[in-house]
Structures are given as structure tokens and as C-alpha cells.
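Let me begin by presenting the structure, written as C-alpha cells, before commenting on it.
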Protein chains: 2
Amino acid sequence: MFSQSEENYIKTIYHLAAISDKGISTNAIAKKLETKASSVTDMIKKLSDKKVLVYKKYQGVTLTDFGKRTAANIIRKHRLWEVFLVQKLNFTWDEVHEVAEQLEHIKSPKLIDELDAFLGYPKSDPHGDPIPDKDGNLPQIQKSLLSTLEKSEKGVCVGVNDTSSEFLRFLDKQEIGLGKNIEVLDKEPFDDSFLVKINGKEMTISNKVANNIYIQKS
Amino acid sequence: MFSQSEENYIKTIYHLAAISDKGISTNAIAKKLETKASSVTDMIKKLSDKKVLVYKKYQGVTLTDFGKRTAANIIRKHRLWEVFLVQKLNFTWDEVHEVAEQLEHIKSPKLIDELDAFLGYPKSDPHGDPIPDKDGNLPQIQKSLLSTLEKSEKGVCVGVNDTSSEFLRFLDKQEIGLGKNIEVLDKEPFDDSFLVKINGKEMTISNKVANNIYIQKS
DNA sequence: AATAATTTTTAGGCAAGACTAAAAATTATT
DNA sequence: AATAATTTTTAGTCTTGCCTAAAAATTATT
């Protein structure tokens with residue numbers, strides 16, 4: 001059994017590994033967890049002893065299969081709770097994260113299985129991120145950052161990269177959300193912004209925003 | 001804001017105060033929390049500094065109004081989660097306690113208000129214990145221990161004193177539960193056991209069991 | 001290749017919350 | 001009232017998880 005702190009490290013390393021492919025550096029973990037590199041070194045040693053990850057001094061860490069399964073399980077809980085909060089308790093997609101950060105540490109296999117059933121076995125959370133199954137398998141859907149689309153390409157919004165309240169509330173204000181149809185009408189080379197049509201409405205979107213919206217091309 | 005450990009002390013002192021009326025002793029707290037008296041002394045000092053309780057050396061503790069409100073709020077969360085687990089996630093009344101012990105520490109006012117609404121503002125938990133309102137008021141229903149009833153008195157089972165899985169599963173086996181009609185047919189002076197009729201069925205109940213069942217007399 | 005800059009680790013400490021053992025205060029008993 | 005028994009507190013330790021400062025290793029730059 002892992003402490004909340006250990007679980008947070010495991011989850012963070014899993015997320016970092018998903019984008020980096022090589023060993024995860026002490027500094028990267030420290031930055032993500034808003035802690036110090038020396039604290040990370042301490043924890044890494046402990047998690048290495050517990051067979052969660054492989055660690056060689058000065059060379060970053062890699063999760064073991066056991067570590068990956070553990071991480072997927074925490075993420076599964078996090079995302080199921082997010083679905084619960086939005087679907088049953090009237091939370092908005094920008095409010096769920098911090099509560100789910102707490103709920104993900106509740107220990108009870110029955111609880112999470114029953115919650116999954118109660119919610120109708122959802123496949124993804126309110127931000128479009130896939131929910132791992134009980135064995136830790138994470139179904140990956142085909143998606144592209146809006147910023148990588150070419151002129152006249154189109155598709156459906158299926159996820160976001162940045163899940164901060166600020167960004168999500170911005171999207172709400174622009175009426176951009178999961179399931180919306182998006183078409184790139186033009187790209188502006190000067191500032192790499194996009195002219196897009198979202199559910200029939202034309203608007204300009206900055207490169208920074210386009211870099212945080214996932215599209216399933218059609 | 002209080003740590004989980006602080007919350008557990010506050011809740012425990014509140015429960016002990018409900019049955020004792022005078023100051024709660026260090027030893028009583030230690031026993032209930034399965035810890036050592038010296039640890040209790042440490043924590044008591046901290047909670048006294050935080051204005052949760054009043055403490056004078058060697059004289060036990062009393063919760064302040066602030067402490068009582070804090071305790072009621074924790075208990076409110078605990079009991080609402082228990083209702084959720086039974087009503088929505090197919091938990092039985094003997095399974096809910098330990099999960100609710102974890103869930104009661106989740107910090108989010110919106111979460112608990114929405115949960116309350118989602119459950120239809122329940123008045124009591126699966127064991128018949130009343131749920132405090134948002135201001136910490138705890139409605140007390142009129143109830144008597146089955147063991148205090150006289151021959152030919154009757155009523156409805158509205159609660160249990162012992163909420164251990166062992167006792168609750170025993171009640172399930174005997175088909176005794178909240179809402180059942182109970183009538184005392186006879187009392188046996190030899191071992192203080194009871195001959196009762198429960199929903200039409202006659203059975204003998206030991207004094208120990210009768211001491212843990214609450215009846216609303218009719 | 002040597003030096004500079006950066007990253008990572010080590011060493012030593014701190015706070016929370018628990019513990020043991022011993023001292024002090026209170027309560028019970030003779 | 002004096003002694004015994006019990007309760008409570010103090011003093012000192014331990015673990016977890018964090019910190020700072022300094023040392024060591026790695027990587028980048030000249």
C-alpha cells in the first residue's frame with residue numbers, strides 16, 4: 001500500500017513518461033510536483049526499494065510494469081471521480097481537478113468498481129482523457145493538436161492538453177468544448193494563429209490555444 | 001484547516017462527550033483512537049492552541065462551540081457518504097464505515113452540499129444515526145435501547161449502538177434491521193434475555209444484543 | 001581539454017504524529 | 001493521613017516527507 005505522497009510521485013512520473021520516452025529526470029519531477037530536487041531523490045530511493053521504478057544515480061527513473069499498473073490505477077480513480085462530479089454533482093470541467101486529486105487516494109477496490117458501474121462504464125473523463133480499465137490498460141484514441149492541422153482540415157474536439165481552470169473557463173467563454181466541430185479556414189503565418197469555424201461560428205484562435213486543443217480529424 | 005489526524009481526534013472527542021457530560025479524559029480518547037495517552041496529550045495541546053477545545057492539565061477536555069461545529073461537520077460528511085455508498089453503490093450497512101472514514105476527510109464544501117442534494121437531503125445514515133445539517137445542528141429523535149423496554153412494549157427499530165460489521169451481519173442473519181416492528185413478549189430474569197416478535201417472527205435475543213438496538217416506542 | 005554551468009546527490013535539520021520510559025499529579029485504599 | 005494504584009504529563013526517539021546548503025557528477029562552452 002502506498003501513501004498519498006508516494007501515489008502522487010508515481011502518477012507524476014507516469015504522466016511525464018507518457019511524453020518523454022526516456023528516463024524521467026529528478027528535476028522534471030520536482031518541477032511538476034512543485035518540490036525540491038533533493039526531496040525527489042529521497043522519494044525515488046524509496047520507490048525503487050518498493051520495486052515501483054528503476055533508478056540509477058544521475059540517470060533518471062523508469063517505472064516498472066508494477067509501477068505503471070499502479071499509476072494507471074490511480075489515474076483510473078481520478079478520472080472516474082471527475083466523471084462522477086460532473087455527471088452527478090453538477091461540477092463544471094474546470095472545478096473537478098482539485099477534488100479528484102483528493103478522491104483518487106481513497107482505498108477501496110469495491111468503491112471504484114461500483115462507481116464505474118454506477119457511471120455506466122465511461123470511456124473518458126470530462127476533459128476527454130481516456131479512463132484506464134481495471135488492469136491498467138489505457139485505450140488511446142487517435143487525436144491531433146489543433147495546432148498541427150493544415151488549412152481546410154477539420155474534425156471534432158476530443159480533448160484538451162492544458163486542464164487549468166483558466167484555460168477551461170476561457171474555452172467555455174468561447175463556446176469551445178468536447179464534441180464541437182472545428183474546421184481550419186486559414187493559418188496566419190505572422191503569429192501562427194488560426195482562423196477556424198467552430199460549430200458554424202468563425203473565430204481567430206492564438207497558437208497557444210491551438211496548442212492545447214485535441215482534434216479527431218474527419 | 002485541520003489535518004486528518006486532528007479531525008479524527010475532534011470527532012472522537014465529540015462522540016465521547018455525547019455520552020459522558022463531563023470532561024473527556026486523556027485515557028478515554030487514547031482507548032477509542034487505539035493510541036497512547038502520551039500521544040493524546042500532545043494532540044490535545046495543539047487543539048487547545050487552535051481553540052477547538054478547552055484543556056487544563058489533568059482535567060480532561062471539553063470542545064468549544066467551534067470544536068463542536070467542526071465535529072458535526074465531519075460527522076455530517078461521514079454519514080452522507082455512508083448513505084451514498086448504500087443507496088447508490090450497493091454497499092451493505094456493515095461495509096460502509098471504513099470507506100466513510102476516509103471520505104469524511106475530503107475537503108470541498110461544494111462537494112458535500114451537492115452530495116446532500118443528490119441524495120435527496122437524507123435525515124439519517126444507514127445505521128439510523130441522524131445527519132447534522134450545514135450549521136452543525138443534529139436532530140435527535142426519541143429512541144430507547146431495546147434492553148430498557150418492558151414486557152408488552154413495542155415499537156420500530158430505528159438504530160443500532162454497535163456498528164461493527166460483526167454485529168450488523170448478525171442482525172442481517174436474524175433479519176433484524178431498521179424499520180422492523182419489534183414487540184417484547186417476555187423478559188427472562190435469569191440471563192436478562194428477551195423474547196421478542198420481530199415482523200411477526202418470535203425469537204430470543206440476548207441482553208448484549210438488546211443493549212445495541214434502538215427502538216422508537218409506539 | 002579545461003573550465004563553466006547545470007543537475008543531482010549527500011548531509012544535516014525540521015515539523016507532524018506517533019512511540020517508550022520515567023516522572024508527576026491525582027485518586028483510591030488502608 | 002499515609003501509602004498504593006492509577007492517570008496524566010514530560011522527556012527523549014523514531015519515521016515520513018519536506019527543506020537548505022554544500023559536494024559530486026554530468027553536460028555545455030570556450
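Quick caveat, the model's predicted, so the values are computed rather than measured. Just so it is clear: chains get the letters A, B, ... in the order the sequence lines come, proteins before strands, and each one is counted from 1.
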Between P of C/dA18 and NZ of B/K45, the distance in whole Å: 15 Å
Atom-pair distance (CG on B/N8; P on C/dA16), nearest Å: 17 Å
Sugar-phosphate only, base, or nothing, as touched by A/S5 at under 4.0 Å among non-hydrogen atoms: sugar-phosphate
Under-4.0 Å side-chain N/O to phosphate OP1/OP2 contact, B/T41 with D/dT9: yes
Sugar-phosphate, base or nothing in reach of A/T26, heavy atoms under 4.0 Å: sugar-phosphate
Touch class at under 4.0 angstrom, heavy-atom based, for B/S38 against every strand present: base
Aromatic contact, A/H78 with A/H97 (centres under 6.0 Å): yes
Stacked cation flag B/K51 on B/F66, 6.0 angstrom / 45 deg: no
Strand-adjacent residues in residues 49-59 of chain B, judged by heavy atoms under 4.0 Å from DNA chain D: B/Y55, B/K57, B/Y58
Salt-bridge present (B/K11, B/E6; N to O < 4.0 Å): no
Distance in angstrom units between A/M43 CE and D/dC19 P, rounded: 11 Å
Whole angstrom value for the distance that separates P of D/dT7 from CD1 of B/I29: 14 Å
Length of the CZ-P vector between B/F2 and C/dA16, whole Å: 14 Å
Pair B/W81, B/D125: side-chain N/O donor-acceptor within cut-off below 3.5 Å: no
Protein-nucleotide distance (B/K31, atom NZ; D/dT7, atom C1'), rounded to Å: 14 Å
Side-chain H-bond candidate by donor/acceptor type, A/E82 with A/H127, under 3.5 Å: yes
Integer-rounded Å distance: C/dA15 P and B/D42 CG: 14 Å
Contact under 4.0 Å: B/Y9 side-chain N or O vs C/dA18 OP1/OP2: yes
Charged N-O contact under 4.0 Å between B/E153 and B/K187: no
For atom CD1 of B/I44 and atom P of D/dT10, their distance in whole Å: 11 Å
Under-4.0 Å side-chain N/O to phosphate OP1/OP2 contact, A/N27 with C/dT6: no
B/K36 vs D/dT8: side-chain N/O to OP1/OP2 distance below 4.0 Å: no
Comparing B/G60 and A/T35 on DNA chain D - which has the more 5′ nearest nucleotide: B/G60
Involving DNA chain C, stems made of at least three consecutive Watson-Crick or G-U pairs, both distances under 3.5 Å: C:1-30 with D:1-30
Heavy-atom closest contact (B/C157 atom, B/I182 atom, distance): CB-CD1, 4.2 Å
Heavy-atom closest contact (A/S124 atom, A/V83 atom, distance): O-CG2, 3.6 Å
Smallest separation among heavy atoms of B/P126 and B/W93, with atom names: O-CE3, 3.3 Å
Name of the residue among B/K134, B/R76, B/R79 meeting salt bridge (charged side-chain N to carboxylate O under 4.0 Å, His left out) with B/D116: B/R76
